[in-house]
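Scroll down for the structure; my scribbles are underneath it.
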Amino acid sequence: MVIRETYLAKIRPFIGKDIIKVLTGIRRGGKSVLLEQIRDEINSQNTVYLNFEDLDNQYLCEYNAFHDYIGEKIGGSKEKFYLFFDEIQEVKGWEKAINSLRVKFDADIYITGSNSRLLSGELATYIAGRYVSFVVYPFSFTEFKMVNADYSFDQYLKCGGMPFLSDLNFEAEISKNYLRDVFNSVVLKDIVKRNKIRDVDLLERIIAYALANIGKSFSATSISKYFKAEKRIVAPETILNYLKACEEAYLLYRLKSRDINGKKMLKVNEKYYVVDHGLREAVVGANLKNVEIILENIVGLELLRRGYKVCVGRAGDREIDFVGEKNGDKLYLQVCYLLNGESTIEREFGSILDIKDNYPKFVLYKESSLRGNYEGIPALKIEDWLSGEI
């Protein structure tokens, strides 16, 4: 088992504190195992754990029954109890029960869910200021290497980092079948069911379009025109709603575009990235044929994983692949597959050479004839950057 120390280090300061710990992220992205690792680290006899996707617990998927069950488990004890609830969104009205348990007992509460709406609506109403959230992503390249030090970056490029693949030894066909199952579960349970979507075929077409165009600028209007060419009329607003549902299920991540010189967000040139490029390989295929955009996807998700607020940069007619901001600092990254030839090198470095501030700037590559730096800008191998904390 890979101990997810990066997340545990963030969560430890809140253990035992009167604040609800919320773990969110893509279905089967590692939340349940992380919950178990937290439980093992606390190592208390006063522990209650419930997985609400377990059919044995279906009778508890209503907040009164759930609340009464936990109350009976704690009884009249005055000791601290540690409560772990996996996929809490399956409980109707769970917010009321969680808030009551927090007020009524000396309880340290941890919950997981596969939808970002876990942190909105009634949750914010009932326990505003009383929760801290952590987004759990599939394995980073570093965690992928922790499974087996002999695994290569090329394997990661093809398979991605969904944690259960380690139990399958990342065998190609078996892994692909598993990832298709994950994808279907996310679509059906976390998007269709949760949003009461009737036109599933349209949703699947929109997702297919987004996955095929990962890392490319497109808009709801451009997708609408694409469907119109196929003799199907779809309003841009409908497309936006479906894409938003994919974001809420942590399947897609939308990065806005920022004018670096004007320091304002732009309404055009937004890009979408998939939570795990292995899912794209299983559904669309051709990751290695589209390796440039897959490398972008990996780097963009790694920035999010490291806690950066990420956007796409624009400087005049030039584009910077990623601008990351964290704790008042910035980071500029340009990503490419092959950094060879004078024109290619000038193009890749040109975008960030135009930026005159003193924040770190890097060009990341898969293959390159260039070593060291170019006019003071470091060129780094992508897998080396992924393995470090730069």
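Everything quoted here is computed from the prediction, not taken from an experiment. Throughout, numbering of the chain's residues begins at 1 and tracks the sequence.
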Heavy-atom donor-acceptor pair, [X] side chain to [Y] backbone, under 3.5 Å:
X	Y	result
Thr47	Ser44	yes
Lys92	Gln89	no
Lys289	Gly285	no
Lys31	Ile26	yes
Asp108	Lys80	no
Asn195	Ile191	yes
Gln37	Val2	yes
Asn57	Leu50	no
Asn169	Glu171	no
Ser224	Val234	yes

Enter the distance from [X]:[atom1] to [Y]:[atom2] here, rounded to the nearest 0.5 Å.
X	Y	atom1	atom2	answer
Ile111	Ile98	CD1	CD1	5.5 Å
Leu353	Arg318	CG	CZ	8.5 Å
Lys189	Asn115	NZ	CG	14.0 Å
Thr238	Asp199	OG1	CG	9.0 Å
Ser100	His67	OG	NE2	3.0 Å
Leu339	Leu370	CG	CG	5.5 Å

Between [X] and [Y], is there a side-chain N and carboxylate O pair less than 4.0 Å apart?
X	Y	value
Glu237	Lys244	no
Glu319	Lys271	yes
Lys366	Asp154	yes
Asp106	Lys78	no
Glu383	Lys145	no
Asp201	Arg232	yes
Glu248	Arg194	no

In terms of ring plane angle, is the pair [X] and [Y] parallel, tilted or perpendicular, where the classes change at 30° and 60°?
X	Y	answer
Phe322	Tyr273	tilted
Tyr253	Tyr250	tilted
Tyr359	Tyr332	tilted
Tyr110	Phe84	parallel
Tyr156	His277	perpendicular
Tyr69	Tyr59	perpendicular

Take Phe81 and Lys73, measure what side chain to side chain contact (heavy atoms under 4.5 Å, CB included) needs, and give me the verdict at the end. CA-CA 10 Å; Phe81 268 72; Lys73 285 286 185 180; 5.6 Å; no

Do you know which of Arg314, Arg254, Lys256, Arg258 makes salt bridge (Lys or Arg N to Asp or Glu O under 4.0 Å) with Glu270? Arg254

Does any non-hydrogen side-chain atom of [Y] lie less than 4.5 Å from one of [X]?
X	Y	answer
Leu202	Ile197	no
Cys336	Asp321	no
Leu252	Leu211	yes
Ile174	Tyr178	no
Glu87	Ser114	yes
Glu53	Asp86	no
Asn99	Arg102	yes
Thr344	Leu338	no

Test log, rule side chain to side chain contact (heavy atoms under 4.5 Å, CB included), inputs Leu179 and Cys159: CA-CA 9 Å; Leu179 290 171; Cys159 296; 6.0 Å; no

Show your reasoning for whether side chain to side chain contact (heavy atoms under 4.5 Å, CB included) applies to Ile293 and Arg280. CA-CA 11 Å; Ile293 63 172; Arg280 183 187 185 276; 3.8 Å; yes

Do Phe134 and Tyr7 have ring centroids that are under 6.0 Å from one another?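 Between Phe134 and Tyr7, which both carry aromatic rings, the centre distance is not below 6.0 Å.
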
What do you reckon, are the aromatic ring centroids of Tyr226 and Phe218 less than 6.0 Å apart?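 Between Tyr226 and Phe218, the centre distance exceeds or equals 6.0 Å.
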
Under a single-linkage definition using a 4.5 Å side-chain heavy-atom cutoff for Ile, Leu, Val, Met, Phe, Trp and Tyr, are Leu240 and Leu255 assigned to the same hydrophobic cluster? no

Kindly work out whether a path of hydrophobic side-chain contacts (I/L/V/M/F/W/Y, heavy atoms less than 4.5 Å apart) joins Ile20 to Val103. no

Starting from the C-alpha separation in whole Å, work towards a yes-or-no answer on side chain to side chain contact (heavy atoms under 4.5 Å, CB included) for Tyr209 and Ile239. CA-CA 11 Å; Tyr209 184 97; Ile239 294 168; over 6 Å; no

So which heavy atom on Asp276 is nearest to which on Pro138, and how close?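 Heavy-atom minimum between the residues: OD1-CB, 3.8 Å.
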
Between Arg4 and Pro163, what is the shortest heavy-atom contact and its length? NH1-CG, 4.3 Å

Whether over 12 other heavy atoms sit under 6.0 Å from [X] [atom1]:
X	atom1	value
Glu342	CD	no
Lys176	NZ	yes
Gln58	CD	no
Lys17	NZ	yes
Arg198	CZ	no

Applying the ring pair (Phe, Tyr, Trp, His ring centres under 6.0 Å) test to Phe144, which of Tyr151, Phe153, Phe139, Tyr137 qualifies?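 It is Tyr151, the one option of Tyr151, Phe153, Phe139, Tyr137 that forms the ring pair (Phe, Tyr, Trp, His ring centres under 6.0 Å) with Phe144.
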
Single hit among Phe66, Tyr63, Trp94 for ring pair (Phe, Tyr, Trp, His ring centres under 6.0 Å) with Phe85: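 So, applying the ring pair (Phe, Tyr, Trp, His ring centres under 6.0 Å) to Phe85 and each of Phe66, Tyr63, Trp94, only Phe66 qualifies.
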
May I ask you to check if Arg39 and Tyr49 form a cation-pi contact, with NZ or CZ under 6.0 angstrom from the six-membered ring centre and within 45° of the axis?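 The answer is yes; both the distance and angle limits are met.
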
Decide yes or no on salt bridge (Lys or Arg N to Asp or Glu O under 4.0 Å) for Arg12 and Glu5, but give the supporting numbers first. CA-CA 10 Å; Arg12 283 192 191 104; Glu5 179 58 32; 2.7 Å; yes

